[in-house]
Amino acid sequence: MALYKQLGLVNTKDMFAAAFSGGYAVPAYNFNNLEQLQAIIQACVETRSPVILQVSKGARAYANSTMLRYMALGAVQYAKELGVQIPIALHLDHGDTYELAVDCINTGFSSVMIDGSHLPFEENLTLTKKVVDYANANDVSVEGELGVLAGIEDEVSSEHSHYTDPAQVEEFVEKTGVHSLAISIGTSHGAYKFKVKPGESVPPLRFDILEKVEERLPNFPIVLHGASSVLSEYVEIINRYGGSLENAVGVPEEQLRKAAKSAVCKINVDSDGRLVFTAKVREFFANNPKEFDPRKYLSPARTELIKMYKAKNENVMGSAGKV
Ligand code: G3H
Ligand code: 13P
Ligand code: ZN
């Protein structure tokens with residue numbers, strides 16, 4: 001039996017089938033540390049939502065891949081202790097090599113992304129298919145990507161992304177056998193997704209591209225990256241307490257909710273968690289300059305994360321109550 005199954009994790013296939021027919025998206029939340037992971041699990045248990053725990057290459061480098069993996073495995077037991085056995089997948093976010101994907105599959109991941117979106121089409125196809133072949137032997141699900149989101153770096157806005165070309169999606173999915181596909185429809189990573197003047201609304205996502213992809217890939221799960229809303233209440237707290245995040249803008253929640261009702265079955269959120277965490281730690285230190293116990297200053301951040309993730313499951317993903 002594949003390692004992840006022995007550990008109580010699930011791949012994303014049944015999750016996406018249920019999300020597709022149920023008109024919601026499974027939340028995919030990145031984590032790098034204990035408090036983020038505790039908050040994600042508690043929020044998803046309390047809202048009875050399936051969840052995808054995402055680990056990036058950078059997270060593996062920061063926290064150590066073994067540590068993160070065992071934390072995720074501990075999370076399965078933690079959820080049970082909290083009282084609800086929610087489906088939990090452990091997913092490699094933005095895997096960039098075959099070797100990395102294989103290493104994750106061999107060490108307990110139930111799902112991997114192979115991101116060849118920056119490569120020429122044929123090279124992306126070849127790399128992705130190679131990962132799918134290995135993953136299939138272990139019943140691990142694979143996410144591929146077509147179209148390039150604006151850079152992982154915060155300076156780049158989504159105006160510079162290369163939208164997915166709907167004409168390419170059928171061939172890519174057919175030839176790679178990939179189980180889900182990330183597409184570029186105007187989102188971008190980080191906290192500066194759109195360049196808008198104060199009072200101006202952000203440009204809508206390219207739902208026209210999404211519709212064309214859906215027509216060509218009936219009943220196929222689509223993934224949305226760069227989907228943080230960059231919630232202004234947390235940006236304001238950060239800026240009030242010494243931070244400097246001017247003009248940080250994200251994807252409006254209504255647009256994500258609309259996407260979640262469509263073929264979009266997985267919505268990725270990392271930056272919103274970072275913003276909540278930073279806001280509450282900054283606020284704590286401003287109000288408690290003598291405190292130096294990490295438990296004291298990390299607890300309010302964790303509590304606020306739980307609130308934010310619960311609200312996302314309820315109001316954005318539509319995944320609350322689906323377990
Ligand atoms: O899409 C990227 C994720 O937000 C992960 O970011 O590489 O800084 O961990 P990271
Ligand atoms: P955000 O930066 O919008 O949270 O996107 C996260 C993401 O796409 C992780 O893969
Ligand atoms: Zn991403």
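In listed order, ligands and their atoms are each counted from 1.
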Requested in this report: Run the salt-bridge test on R257 and E254 with the 4.0 Å N-O cut-off and return the result as yes or no.
Outcome: no
Requested in this report: Provide the atom name of the closest N, O or S atom of H94 relative to the Zn ion (ligand 3).
Outcome: NE2
Query - Closest to atom 10 (P) of ligand 1 (judged by heavy-atom distance), picking from R274, H189, H225, K57 - result: R274
Query raised in the report: Judged by modelled atom types alone, do D103 and T107 share a side-chain donor-acceptor pair under 3.5 Å?
Result: no
Report task. Run the numbers on V148 and S184 for side chain to side chain contact (heavy atoms under 4.5 Å, CB included), then give the verdict. Result -> CA-CA 6 Å; V148 182; S184 175; 5.9 Å; no
**Report entry** Validation row, ring centre Y297 to ring centre F285 under 6.0 Å
**Finding:** yes
Query raised in the report: Counting heavy atoms only, which part of D93 comes closer than 4.0 Å to ligand 1: side chain, backbone, both or neither?
Result: side chain
Do any nitrogen or oxygen atoms of ligand 2 lie under 3.5 Å from a protein nitrogen or oxygen, and which ones?
{"unit_1": "ligand 2", "atom_1": "2 (O)", "unit_2": "G190", "atom_2": "N", "d": "2.8"}
{"unit_1": "ligand 2", "atom_1": "2 (O)", "unit_2": "S271", "atom_2": "OG", "d": "2.7"}
{"unit_1": "ligand 2", "atom_1": "3 (O)", "unit_2": "K193", "atom_2": "NZ", "d": "2.6"}
{"unit_1": "ligand 2", "atom_1": "3 (O)", "unit_2": "A227", "atom_2": "N", "d": "3.2"}
{"unit_1": "ligand 2", "atom_1": "3 (O)", "unit_2": "S228", "atom_2": "N", "d": "3.0"}
{"unit_1": "ligand 2", "atom_1": "4 (O)", "unit_2": "S228", "atom_2": "OG", "d": "2.6"}
{"unit_1": "ligand 2", "atom_1": "4 (O)", "unit_2": "D270", "atom_2": "N", "d": "2.7"}
{"unit_1": "ligand 2", "atom_1": "4 (O)", "unit_2": "S271", "atom_2": "N", "d": "2.7"}
{"unit_1": "ligand 2", "atom_1": "5 (O)", "unit_2": "G226", "atom_2": "N", "d": "3.3"}
{"unit_1": "ligand 2", "atom_1": "8 (O)", "unit_2": "H189", "atom_2": "NE2", "d": "3.1"}
{"unit_1": "ligand 2", "atom_1": "8 (O)", "unit_2": "H225", "atom_2": "ND1", "d": "3.4"}
{"unit_1": "ligand 2", "atom_1": "8 (O)", "unit_2": "G226", "atom_2": "N", "d": "2.8"}
{"unit_1": "ligand 2", "atom_1": "10 (O)", "unit_2": "D93", "atom_2": "OD1", "d": "2.9"}
{"unit_1": "ligand 2", "atom_1": "10 (O)", "unit_2": "D93", "atom_2": "OD2", "d": "2.7"}
{"unit_1": "ligand 2", "atom_1": "10 (O)", "unit_2": "H94", "atom_2": "NE2", "d": "3.2"}
{"unit_1": "ligand 2", "atom_1": "10 (O)", "unit_2": "H225", "atom_2": "ND1", "d": "3.1"}
{"unit_1": "ligand 2", "atom_1": "10 (O)", "unit_2": "N268", "atom_2": "ND2", "d": "3.1"}

Report summary line: Quick note on ligand 1: atoms under 4.0 Å from a heavy atom of D270 include exactly 3 (C), 4 (O), 5 (C), 6 (O)
Query raised in the report: Taking side chain as C-beta onward, heavy atoms only, is F220 less than 4.5 Å from H179?
Result: no
Report task. Taking the Zn ion (ligand 3) as the reference point, name the nearest N/O/S atom of H225. Result -> ND1
Report task. Could you note down all residue pairs passing salt bridge (Lys or Arg N to Asp or Glu O under 4.0 Å) where residues 76-86 supplies at least one of them, sequence neighbours left out? Result -> none
Report task. Determine, stepwise, if the pair K212 / E215 fulfils salt bridge (charged side-chain N to carboxylate O under 4.0 Å, His left out). Result -> CA-CA 5 Å; K212 289 196 182 99; E215 276 164 28; over 6 Å; no
Query raised in the report: Which residue pairs pass the side-chain hydrogen bond (donor to acceptor under 3.5 Å, both in side chains) test when at least one of the two sits in residues 12-27, sequence neighbours left out?
Result: T12-S141, K13-D139
Query - Residues that E170 engages under side chain to side chain donor-acceptor pair (under 3.5 Å), provided they are two or more places apart - result: R216
Report summary line: Numbered in order shown, the ligand 1 atoms found under 4.0 Å of a heavy atom of H94 are 1 (O), 2 (C)
Query raised in the report: Going by the atom numbers of ligand 1, which of them fall below 4.0 Å from some non-hydrogen atom of N30?
Result: 3 (C), 5 (C)
